[in-house]
Amino acid sequence: MLVTDDIYTKDGTVDINKKPANKKKTGNWKACSFILGNECCERLAYYGMGTNLVNYLQEQLNQGNVAASNNVTNWSGTCYITPLIGAFVADAYLGRYWTIAIFSIIYFFGMTLLTLSSSIPGLKPSCTGDVCHPTQEQIAVFFVALYMIALGTGGIKPCVSSFGADQFDETDEVERKRKSSFFNWFYFSINIGALIASSVLVWIQMNVGWDWGFGIPAVAMAIAVVFFFAGSRTYRLQKPGGSPLTRIAQVIVASFKKLNVKVPADKSLLYEVADNESNIQGSRKLEHTDKLKFFDKAAVETENDHDKESLNPWRLCTVTQVEELKSVIRLLPVWASGIIFAAVYSQMNTMFVLQGNTMDQHMGPNFKIPSASLSLFDTLSVIFWAPVYDKIIVPCARKFTGKERGFTTLQRMGIGLVISIFAMITAGILEVVRLQIVRKNNYYDLKSIPMSIFWQVPEYFLVGCAEVFTFVGQIEFFYDQAPDAMRSLSSALSLTTVALGNYLSTLLVTAVTKITTQNRKLGWIPDNLNRGHLDYFFWLLAILSLLNFIVYLWIAKWYTYKKVAGHPE
């Protein structure tokens with residue numbers, strides 16, 4: 001029996017043949033190498049067509065600053081809403097492996113159609129000089145491709161980080177430590193793909209053509225699919241636990257049905273199955289927590305809880321099921337605090353690019369760097385800070401805090417929120433200086449002023465640093481604090497902060513434009529930024545970020561961490 005315990009995982013995972021996962025033959029870094037390779041190529045594809053999208057919309061589809069910016073943030077936001085669909089399918093029915101596989105193929109078809117829309121006569125807009133004349137049909141095909149990609153990425157985003165973390169057995173102390181490092185290296189691989197996209201691919205798009213610029217990402221997506229399937233025999237798979245939304249609804253309904261039932265002072269009297277494992281497939285038992293006591297009513301056993309010989313799940317729920325709901329509710333305030341940060345992050349693909357378009361993009365006498373390529377400094381920042389955090393900051397912090405991970409995930413996220421405030425302040429200061437040069441030299445009608453675009457590097461670098469703390473911390477936090485059978489859905493929930501951040505950015509740009517253009521004024525963000533006040537928009541985001549951080553401190557203080565039965569960590 002001891003030998004069997006050493007051979008197989010204890011977290012309920014199985015291999016591709018649905019047999020108990022062998023520790024030596026499956027999982028760990030061997031399996032993760034395929035997952036990280038897949039993620040690197042998929043992110044190369046995503047950022048390869050998304051980083052410079054605002055310029056494609058302006059040049060090929062003839063859109064203005066506000067329309068192009070809003071279309072980018074709306075699409076990007078949708079890419080972070082569709083994970084709710086993929087997550088539900090994964091947790092309830094297919095599991096993470098098959099969800100990633102199916103949605104990856106949809107993603108690839110979307111990338112292929114996008115490439116065709118930018119390269120095939122008839123689908124590609126015709127241009128006269130610098131002015132293009134897209135038809136309604138061409139615009140429709142382009143946006144169909146774009147939103148096919150949004151649907152495809154919806155099945156990958158919420159599952160791939162959780163699927164990677166599934167390769168480490170949480171009941172094994174050694175593997176649990178490796179899992180914490182996985183999230184850092186996962187984000188590192190994302191940014192390797194983003195680095196190639198924001199440098200090489202953006203340059204190809206601006207100097208060679210959009211057909212090659214979108215074609216290469218399509219090939220990268222094909223390689224990502226091959227990478228994923230190549231590792232199939234090494235993967236550990238968590239079994240889908242049935243619809244998490246049904247279980248949540250059962251707890252809510254049962255609680256309200258028992259409004260007048262008193263919860264016993266002795267919480268051990270609350271209903272739970274007698275087995276060591278919970279009755280939810282793929283989930284360990286959760287211990288009772290004292291907050292949100294109203295929902296404990298669902299676990300109070302009464303005479304009316306039985307239908308003939310079986311329990312009615314809409315009247316009586318286990319403690320673990322109740323704690324699932326509590327875990328989700330506790331996550332919501334932390335989730336909401338990430339929306340403002342995501343709005344700040346979204347500026348890299350919109351306002352930072354538009355700001356860079358007005359500056360001198362030359363590197364030497366003959367080479368011009370596209371403004372969208374400056375995002376490679378965000379990527380370089382992440383590539384720098386991810387290993388520094390894992391190898392230097394965590395060991396140093398561990399000596400002072402005594403915590404296994406150096407900082408708690410909430411502390412890590414809070415540090416990132418502070419850094420994001422300074423990123424917006426830096427962007428605002430740069431715009432103030434840029435506008436001073438415009439006024440002093442009467443450069444109002446110059447397309448680009450003699451001020452190097454590389455003055456934008458600090459704002460990109462600070463956003464990258466903030467990402468390593470907040471986004472990576474968020475991925476880890478939502479995986480750790482989610483109930484075992486709801487981890488894809490929890491990852492999707494964390495991703496919706498990015499969606500809502502993009503939608504918030506769209507709302508702010510629209511509102512600011514409407515308010516500041518009254519009485520025939522040009523407003524803060526006109527098509528000619530030399531006559532606008534983009535700095536005011538950055539100050540607005542800095543103030544919102546500061547207020548958000550103050551609220552976050554209260555949320556973090558209130559939060560109660562999940563307790564797994566038999567696992568005091």
Side-chain angles (χ1 to χ4, degrees), residues 9-14 87-88 90-93 95-96 162 165-166 169-171 176 237-258 261-302 305-307 310-332 334 477-493 559-569:
T9 58
K10 299 177 184 177
D11 59 357
T13 51
V14 296
F88 178 78
D91 281 342
Y93 303 111
R96 287 186 263 279
S162 297
D166 287 345
D169 187 348
E170 282 194 351
T171 65
R176 192 170 65 245
L237 282 60
Q238 284 280 5
K239 298 174 185 176
S243 172
L245 299 182
T246 301
R247 295 196 301 274
I248 287 173
Q250 286 171 342
V251 175
I252 295 171
V253 170
S255 299
F256 278 98
K257 281 183 176 179
K258 296 178 179 178
V261 173
K262 188 176 180 181
V263 177
D266 183 0
K267 299 304 184 287
S268 65
L269 297 176
L270 296 175
Y271 176 70
E272 182 58 277
V273 293
D275 299 336
N276 291 330
E277 297 297 321
S278 77
N279 62 345
I280 302 166
Q281 184 164 285
S283 184
R284 295 167 294 175
K285 281 186 178 179
L286 296 175
E287 290 183 358
H288 176 267
T289 56
D290 289 329
K291 290 182 179 177
L292 301 168
K293 295 179 180 179
F294 170 78
F295 295 108
D296 291 341
K297 292 176 182 289
V300 178
E301 198 165 1
T302 65
D305 293 339
H306 296 263
D307 284 339
S310 62
L311 289 172
N312 182 349
W314 294 93
R315 286 198 60 88
L316 181 65
C317 305
T318 64
V319 169
T320 295
Q321 196 174 338
V322 171
E323 290 300 320
E324 272 194 335
L325 174 58
K326 288 186 183 181
S327 294
V328 173
I329 293 173
R330 286 196 297 265
L331 288 173
L332 292 178
V334 181
F477 178 80
F478 277 81
Y479 180 87
D480 278 350
Q481 295 305 304
D484 293 349
M486 294 177 65
R487 280 177 163 161
S488 296
L489 198 62
S490 180
S491 292
L493 186 64
Y559 188 80
T560 302
Y561 282 89
K562 179 184 80 175
K563 298 177 182 178
V564 178
H567 297 278
E569 74 280 355

*Asks:* Is the closest side-chain heavy-atom distance between Trp314 and Lys257 below 4.5 Å?
*Replies:* yes
*Asks:* Report the residues that fulfil side-chain hydrogen bond (donor to acceptor under 3.5 Å, both in side chains) with Tyr93, sequence neighbours left out, ordered by chain and then residue number.
*Replies:* none
*Asks:* What's the shortest heavy-atom distance between Cys317 and Val322, and which atoms?
*Replies:* CB-CG2, 4.4 Å
*Asks:* Just so I know, are the side chains of Leu245 and Phe88 near enough to count as touching, which here means a heavy-atom distance under 4.5 Å?
*Replies:*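 Yes, at least one pair of side-chain atoms sits under 4.5 Å.
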*Asks:* List the residues meeting side chain to side chain contact (heavy atoms under 4.5 Å, CB included) with Thr302, not counting sequence neighbours, and say none if there are none.
*Replies:*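 For Thr302, the residues satisfying side chain to side chain contact (heavy atoms under 4.5 Å, CB included) (neighbours in sequence not counted) are Lys258, Val261, Asn304, Asp305, Arg315.
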*Asks:* Name all residues meeting the ring-ring contact (aromatic ring centres under 6.0 Å, His included) criterion together with Tyr559; count only those two or more places apart in sequence or in a different chain, and write none if there are none.
*Replies:*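 Partners of Tyr559 under the ring-ring contact (aromatic ring centres under 6.0 Å, His included) test: Phe477, Tyr561.
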*Asks:* Lys293: what forms a side-chain hydrogen bond (donor to acceptor under 3.5 Å, both in side chains) with it, not counting sequence neighbours?
*Replies:* none
*Asks:* So Phe478 and Leu489, do their side chains get closer than 4.5 Å, heavy atoms only?
*Replies:*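 Sidechains of Phe478 and Leu489: no contact.
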*Asks:* The criterion is side-chain hydrogen bond (donor to acceptor under 3.5 Å, both in side chains); which residues satisfy it with Asp266, sequence neighbours excluded?
*Replies:* Ser268
*Asks:* Do Gln321 side-chain atoms and Arg247 backbone N/O form a donor-acceptor pair below 3.5 Å?
*Replies:* yes
*Asks:* Identify the heavy atoms of Pro240 and Ala90 that sit nearest to each other, and give their distance.
*Replies:* CB-O, 3.7 Å
*Asks:* Using 0.5 Å steps for rounding, measure from the OG atom of Ser488 to the CZ atom of Arg96.
*Replies:*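 These two atoms lie 4.0 Å from each other.
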*Asks:* Using the test side chain to side chain contact (heavy atoms under 4.5 Å, CB included), find all partners of Lys267 that sit at least two apart in sequence or belong to another chain.
*Replies:* Val263, Leu270, His288, Asp296
*Asks:* How would you list, by chain and number, every residue that makes a side chain to side chain contact (heavy atoms under 4.5 Å, CB included) with Leu292, sequence neighbours excluded?
*Replies:* Phe295, Lys326, Ile329, Arg330
*Asks:* Quick one: does any side-chain atom of Glu324 pair with a main-chain N or O of Ile248 as donor and acceptor, under 3.5 Å?
*Replies:*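 No; zero donor-acceptor contacts below 3.5 Å.
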*Asks:* What pairs with Asp169 under side-chain hydrogen bond (donor to acceptor under 3.5 Å, both in side chains), at least two apart in sequence or on another chain?
*Replies:* Thr171
*Asks:* What distance separates Glu272 CD from Thr318 OG1, expressed to the nearest 0.5 Å?
*Replies:*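 OG1 of Thr318 is found 4.5 Å from CD of Glu272.
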*Asks:* For Phe294, does the CZ atom have more than 12 heavy-atom neighbours from other residues, nucleotides or ligands under 6.0 Å away?
*Replies:*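 It does: Phe294 CZ has more than 12 such atoms within range.
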*Asks:* Checking side-chain polar atoms at under 3.5 Å, does Thr289 have a donor or acceptor matched by the opposite partner on Thr560?
*Replies:*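 No.
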*Asks:* With sequence neighbours left out, what residues match Ala482 under side chain to side chain contact (heavy atoms under 4.5 Å, CB included)?
*Replies:*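 In terms of side chain to side chain contact (heavy atoms under 4.5 Å, CB included), with neighbours along the sequence ignored, Ala482 is linked to Arg487, Ser490.
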*Asks:* Please examine the side chains of Val334 and Gln481, heavy atoms only from C-beta on, and report whether any two atoms are closer than 4.5 Å.
*Replies:* no
*Asks:* What's the separation between atom CG in Asp166 and atom CG in Leu237, rounded to the nearest 0.5 Å?
*Replies:*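 With rounding to 0.5 Å, CG (Asp166) is 8.0 Å from CG (Leu237).
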*Asks:* How many angstroms lie between atom CG of Asp480 and atom OG of Ser327, to the nearest 0.5 angstrom?
*Replies:*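 Rounded to the nearest 0.5 Å, the CG-OG separation comes out at 12.0 Å.
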